[in-house]
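Below is one structure, written out as structure tokens, with a few remarks after it.
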Amino acid sequence: MSSDQIQSTTSGDAPPIPLLSIRDLVVTFQTERGPACAVDHVSFDILPGEVLGIVGESGSGKSVTALSMLRLIPEPPGKIAAGKIIFDDQDLLQLPYDKMRHIRGNEIAMIFQEPMTALNPVFTIGMQVREAVLTHARVSKSEATERTVEMLDKVGIPSARRRLNDYPHQFSGGMRQRVMIAMALVCHPKILIADEPTTALDVTTQSQILDLMLELKQRETSASIVLITHDLGVVAETCQRAIVMYGGRIQETGTIEQLFSQPKHPYTQGLLASLPAIAGPRHERLYTIPGNVPSIMEMPSGCRFCTRCEHATDRCHASEPPLHDTGNGQLVRCHLLDPTSPE
């Protein structure tokens, strides 16, 4: 097993069998300046029943990683250049289109960050949720309609049956996101990917949507949830484990307790220090990570974070560190914490 192959283990216990495993995933995009690597040899496991967070600033590669799981990278300009995504003992990247279409929405479902663009504006809500049922289940239209009503009711759409014939623009942002959750869960998938599901919503509605997802997971399905977000506060409230990405690579991963009580990577420490609850009293100015996220066309030759790291050494600028275990399964990509690195 390479150092970049991430597994979750509990000290003294045998590791659980992953539901989905990503190994050495590479995703590139063709640009006028040549190919740009958006995801660079990313590896991790999704465990049965867990809520896994993937965090990082915009451009870190987290959403591209999520889209790759369902092979939704637009080709061209994008391309899954290398790697494996193992689910049910098969590599999803090698499946023919018809088999991948069966898995997409049925076994692995996704909630997108902007429901107004994800939902088709010219079809009713009822038609769109019902189509998800008819695509994957051998049921009549009337039974699919009943399942649709039942699911819309479970996600909190008032007068669900009456609103079947309404269009997306007739729903508020929070209600549209509830419809997206209904569409994703109506076929009881094994994995639910939520890509910034609360970005466009107000704080109160954000909390309601997250609570709804967790409640439905506990009450209705045992699905694993992959939560893609830039908000560490959301991760702390909802996830058991998290992956921190920067520059298209995993920089740190561990349990929520590990990452919040003992963050190892300077980037993770910077993200946590920028949270108001951790930064200190209200009169104190929030910490800001210096510099800006580099373009994927202009990544540093050494550590991806070295141009913004206050602790960077010459070695950090010269070579990229491997991902290594600091103890108890917490992995970090940093020369300063690698006991095998020379002084």
Side-chain angles (χ1 to χ4, degrees), residues 18-22 44-54 62-74 85-88 90 92-93 95 97-120 123 125-139 144 147-157 160 168 174-199 209-229 238-239:
L19 188 58
L20 181 145
S21 295
I22 293 179
F44 64 89
D45 294 331
I46 300 172
L47 305 179
E50 78 168 336
V51 182
L52 171 68
I54 303 181
K62 56 189 189 296
S63 290
V64 175
T65 299
L67 290 170
S68 298
M69 296 183 210
L70 288 172
R71 284 172 52 184
L72 290 176
I73 301 296
I85 301 178
I86 307 300
F87 177 75
D88 275 351
Q90 53 190 346
L92 299 185
L93 301 183
L95 288 185
Y97 177 78
D98 59 335
K99 290 187 177 180
M100 189 64 215
R101 188 170 180 266
H102 172 76
I103 289 175
R104 194 184 292 144
N106 187 34
E107 304 275 359
I108 306 174
M110 190 164 186
I111 301 171
F112 297 92
Q113 59 180 291
E114 180 41 68
M116 199 58 209
T117 57
L119 292 169
N120 193 318
F123 292 110
I125 292 298
M127 289 178 65
Q128 295 187 61
V129 179
R130 185 172 59 233
E131 183 63 24
V133 180
L134 292 172
T135 298
H136 299 293
R138 295 181 178 179
V139 297
R147 286 196 191 183
T148 297
V149 172
E150 181 182 3
M151 200 67 222
L152 289 174
D153 184 64
K154 286 178 179 178
V155 300
I157 301 295
M175 287 295 110
R176 286 196 295 267
Q177 197 60 286
R178 288 172 185 267
V179 171
M180 288 294 298
I181 294 173
M183 192 181 303
L185 293 179
V186 71
C187 292
H188 302 286
K190 294 178 181 178
I191 299 175
L192 176 65
I193 303 169
D195 186 9
E196 301 275 9
T198 61
T199 296
I209 292 298
L210 290 170
D211 288 345
L212 172 63
M213 287 173 54
L214 295 176
E215 179 186 352
L216 288 173
K217 166 185 163 49
Q218 185 175 11
R219 192 182 67 202
E220 302 291 338
T221 176
S222 59
S224 299
I225 296 178
V226 180
L227 180 62
I228 314 295
T229 183
T238 59
C239 300

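Rounded to the nearest 0.5 angstrom, Ile193 CD1 and Leu67 CG are separated by 8.0 Å. Here the straight-line distance linking atom CG of Leu185 with atom CG of Leu192 works out to 5.5 Å at 0.5 Å rounding. Within the model, atoms CE of Met183 and CE of Met151 stand 11.5 Å from one another, a figure rounded to the nearest 0.5 Å. One distance of note links CD1 of Ile225 with CD1 of Ile46; it measures 11.5 Å at 0.5 Å rounding. Between the CZ atom in Phe87 and the CD1 atom in Ile191 there is a gap of 5.0 Å [rounded to 0.5 Å]. From Thr148, atom OG1 reaches atom CD of Gln128 across 11.0 Å, with rounding to the nearest 0.5 Å.
Met110 places none of its side-chain heavy atoms less than 4.5 Å from the side chain of Met69. For the pair Glu50/Leu19, no side-chain contact is recorded, criterion being any heavy-atom separation below 4.5 Å from C-beta on. For the pair Met213 and Thr238, the minimum side-chain heavy-atom distance is 4.5 Å or more. Looking at heavy atoms from C-beta onward, Leu92 lies in side-chain contact with Ile108 at the 4.5 angstrom threshold. Side-chain contact between Leu20 and Asp45 is absent, with no heavy atoms from C-beta onward closer than 4.5 Å. For the pair Phe112/Leu119, no side-chain contact is recorded, criterion being any heavy-atom separation below 4.5 Å from C-beta on. Counting heavy atoms from C-beta outward, Asp211 and Glu215 have side chains that stay 4.5 Å or more apart. Looking at Arg71 and Leu95, their side chains come closer than 4.5 Å, going by heavy atoms from C-beta outward.
Scanning both residues, Leu212 and Val155, for their nearest heavy atoms gives CD2-O, 3.4 Å. Nearest approach of Cys187 to Ala132, heavy atoms of both residues: SG-O, 3.4 Å. Minimum heavy-atom separation, Asn120 to Pro168: O-CG, 3.5 Å. For the pair Ala109 and Ala184, the tightest heavy-atom approach, listed with the atom from each and the gap, is CB-O, 3.3 Å. Scanning all heavy atoms of the two residues, the minimum distance from Val149 to Ala160 falls at O-CB, 3.8 Å. Between Pro197 and Ile228, the closest heavy-atom pair is CD-O, 4.1 Å.
Not counting sequence neighbours, the partners of Arg147 by the salt bridge (charged side-chain N to carboxylate O under 4.0 Å, His left out) test are Glu143. The side-chain hydrogen bond (donor to acceptor under 3.5 Å, both in side chains) search around Arg130 returns Thr145, not counting sequence neighbours. With sequence neighbours left out, the salt bridge (charged side-chain N to carboxylate O under 4.0 Å, His left out) criterion links Asp88 to Lys190.
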How far apart are the C-alpha atoms of His136 and Val186, what are their side-chain angles, what is the distance that settles it, and do they pass the side chain to side chain contact (heavy atoms under 4.5 Å, CB included) test? CA-CA 10 Å; His136 299 293; Val186 71; over 6 Å; no
Apply side chain to side chain contact (heavy atoms under 4.5 Å, CB included) to Met175 and Ile125, showing your working. CA-CA 11 Å; Met175 287 295 110; Ile125 292 298; over 6 Å; no
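Remark: the backbone N or O of Ala223 is not paired with any side-chain donor or acceptor of His188 at under 3.5 angstrom. Put simply, the side chain of Ser224 gets close to the backbone of Gly49: a donor and an acceptor are under 3.5 Å apart. Panel note: side chain Arg178, backbone Ile157; no donor-acceptor pair is recorded below 3.5 Å.
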